[in-house]
2 protein chains.
Amino acid sequence: MADINLKDDEIPSLRRESAAGRVVTHPISAEENPEIPFIELLFFAYRDFVSDPDEVLAGYGFGRAHHRVVHFVNRHPGIRVADLLDILKITKQSLGRVLKQLIDTGFIEQLTGAQDRRQRLLYPTPAGRELALRLLHPQEHRIGAALEGMSPAERATAERFLRLVIDRGEREKVARLIGR
Amino acid sequence: MADINLKDDEIPSLRRESAAGRVVTHPISAEENPEIPFIELLFFAYRDFVSDPDEVLAGYGFGRAHHRVVHFVNRHPGIRVADLLDILKITKQSLGRVLKQLIDTGFIEQLTGAQDRRQRLLYPTPAGRELALRLLHPQEHRIGAALEGMSPAERATAERFLRLVIDRGEREKVARLIGR
DNA sequence: AAATTTATGTCAGCCATGTTGACATATTTT
DNA sequence: AAAATATGTCAACATGGCTGACATAAATTT
């Protein structure tokens, strides 16, 4: 990819464009906005991070929405639908669609709650567990490689940064979900 | 939210479900997979991080795809369409749709390249710059608050972690884009 | 000069996944 | 008995990905 930043003599003349209005030629700069590198790195890191499981998913005919559901059901077997909704921050209908597919294809099962029989507790089947692990592996590898050269203190710092990016009101809930 | 982790006596009896096959009741554990906390924190951090500009976008009738385009055009005025595609990793058609809307509504303009007249260089209009800044502010605030209690060395560590999550083959390109 | 490559745009259609609103059922709580 | 809760479902719609095919203008190569 060629350098995006234009030299002065490369800036196209505005007069050449009959219909051109005024345009802004100076960039929003990362020097003046020290948060920008973090904002953009978060974008690029997530872009690549979530693309890892795509091949595996395609093999099953599933998408990223299925991945998220399979992951959290495997991390918390017996999770309630309501809790899954609260984690994913999507609507019941959106979840219902992918959940139904995962149940119909035998990756997740619903068991009626023993205490509260209104609840449909979600469990992975052995196939669901296997799928979850296959989706997890490439991401573990990516994160593991990133952590490789970092000391325990540095890892803790990276973890702390990510926690602080999460909504304040969600942090405790996330901490409980993650288990620390 | 109630604790998701069930006690043993809360696990519903499988015998109660006539059609129930075997299910897996033990979780994929973060103790055995030290990368999992990072994987999940990245999910939650990004989930909240990208929701910041939603209100602003709704006021303009735009979505998150418009945000990404407006952001990078403002960060790199005069960027070529091909470079934008390479950043966003989407297809020409997907970009074309939102780009056309942003041009039609006067937030972005295209100027013919002076050297290579095949190119359509993208510039923000003053309105486009204003929109970019309005979208940027809440994210700057979120990241700024996260960085607040971190030393320069810790900030560098968080930044390094994010860089290492990015595809190896993309890191240099991203470094150039970010300007360091 | 002609042929090829490149940068971009566009049409048509499809798919995944998000949304709202309304309503139904079973179960628990009051 | 009534109200609240957990879940499911139907219908419709919006956003934003995708593929494949084709068109145009301009630059590059032969």
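Each chain gets a letter, A, B and so on, in the order the sequences are listed, and its residues count up from 1.
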Could you tell me how far apart [X] ([atom1]) and [N] ([atom2]) are, to the nearest whole angstrom?
X	N	atom1	atom2	value
A:Ile79	D:dA6	CD1	P	14 Å
B:Gln119	C:dT6	CD	P	14 Å
A:Leu84	D:dA6	CG	P	15 Å
B:Leu95	C:dT8	CG	P	10 Å
B:Gln101	C:dG9	CD	P	14 Å
A:Asp54	D:dG17	CG	C1'	11 Å
B:Glu109	C:dT8	CD	P	17 Å
A:Leu99	D:dA6	CG	P	17 Å

With the side chain defined as heavy atoms from C-beta on, A:Ile90 is closest, among C:dG18, D:dC18, C:dG9, to C:dG18

Output yes when A:Glu159 and A:Arg163 qualify as a salt bridge under the 4.0 Å nitrogen-oxygen rule, no when they do not.
yes

Salt bridge check: are B:Asp116 and B:Arg80 linked by an N-O gap of less than 4.0 Å?
no

Among residues 55-67 of chain B, which residues get a heavy atom nearer than 4.0 Å to DNA chain D?
B:Gly63, B:Arg64, B:Ala65, B:His66

Residue pairs passing the ring-ring contact (aromatic ring centres under 6.0 Å, His included) test where at least one lies in residues 134-175 of chain A, sequence neighbours excluded:
A:Phe38-A:Phe161

Contacts of type salt bridge (charged side-chain N to carboxylate O under 4.0 Å, His left out), residue [X], not counting sequence neighbours:
X	result
B:Lys92	none
B:Glu35	none
A:Arg47	B:Glu170
A:Asp52	A:Arg142

Positions of residues 41-52 of chain B (non-hydrogen atom under 4.0 Å from DNA chain C), listed by number:
none

Test of understanding: with side chain to side chain contact (heavy atoms under 4.5 Å, CB included), list the residues that count as partners of A:Pro37, not counting sequence neighbours.
A:Ala30, B:Ile178, B:Arg180

With B:His66 via side chain to side chain donor-acceptor pair (under 3.5 Å) - residues at least two apart
B:Gln101

Holding to side chain to side chain donor-acceptor pair (under 3.5 Å), I want the full list of residues that pass it with A:Asp48, two or more places apart in sequence or in another chain.
none

Around atom CD of B:Gln93, are there more than 12 heavy atoms of other residues, nucleotides or ligands at under 6.0 Å?
yes

Under 3.5 Å, N/O pairs linking protein and nucleotides 24-30 of chain C:
unit_1 : atom_1 : unit_2   : atom_2 : d
C:dT28 : OP1    : A:Arg117 : N      : 3.2

Report the relative orientation of the aromatic rings in A:Phe43 and B:Phe72; use parallel for angles under 30°, tilted for 30 to 60°, perpendicular for over 60°.
tilted

Which protein N or O atoms sit under 3.5 Å from an N or O of nucleotides 10-12 of chain D?
none

Between A:Thr91 and C:dG18, does any side-chain N or O lie under 4.0 Å from OP1 or OP2?
no

D:dG16 phosphate, OP1 or OP2, under 4.0 Å from B:Ser94 side-chain N/O:
no

Please step through side chain to side chain contact (heavy atoms under 4.5 Å, CB included) for the pair B:Gln139 and B:His67, ending with a clear verdict.
CA-CA 12 Å; B:Gln139 293 192 326; B:His67 177 196; 3.8 Å; yes

Ring centroid separation for A:Tyr46 and B:Phe49, is it under 6.0 angstrom?
no

